[in-house]
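Input: a single structure, listed below in structure tokens.
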Amino acid sequence: MAVAPVADDYGPPLPSEAEEAAMISEMRERGEPVKPVAPPDDAEAETDAKAKLPPLDSLVKQVPPDVIETLDELFRAKWVGVRKVPKAVLKEG
């Protein structure tokens with residue numbers, strides 16, 4: 001007996017492999033295209049993201065002062081700045 005993957009706190013339980021296979025089979029019977037989704041290559045994804053994104057400082061300058069002040073009031077947090085965190089520092093999973 002297969003165990004369904006555990007859902008996170010942000011949505012319903014994930015389908016089991018059998019349920020997913022049944023859904024894909026039904027989609028094929030209806031003539032819907034079924035394409036497997038390959039996970040992106042991390043190095044390629046980071047390169048593409050860097051090429052498409054504007055500089056972070058220019059985005060921070062676009063935040064109006066009244067919005068920063070409202071955020072400070074609502075969340076009782078002081079706007080200090082935005083920093084990019086290296087991927088190696090982040091926890092996996």
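Atom set for the values below is all heavy atoms of this structure, side chains included, hydrogens, waters and symmetry mates excluded.
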Checklist line | Closest non-hydrogen atom pair, P15 against E20 | finding: CB-N, 4.5 Å

Checklist line | Minimum heavy-atom distance S16-E19, with the two atoms named | finding: N-OE1, 2.8 Å

Checklist line | Heavy-atom side-chain contact between R28 and E32 under 4.5 Å | finding: no

Item checked: Joint hydrophobic cluster, V82 plus V85, side-chain heavy atoms closer than 4.5 Å -> no

Check: CG/D66 to CD/E73 distance, rounded to the nearest 0.5 angstrom?
Finding: 10.5 Å

Next item on the list: Kindly determine whether R30 and E26 satisfy side-chain contact (heavy atoms from CB on, under 4.5 Å), including the steps that lead there.
Entry: CA-CA 6 Å; R30 292 191 301 248; E26 289 175 16; 4.3 Å; yes

Item checked: Least distance between heavy atoms, S58 atom then P55 atom -> OG-O, 2.7 Å

Next item on the list: Check whether V34 and M23 end up in the same hydrophobic cluster, where Ile, Leu, Val, Met, Phe, Trp and Tyr are linked by side-chain heavy atoms less than 4.5 Å apart.
Entry: yes

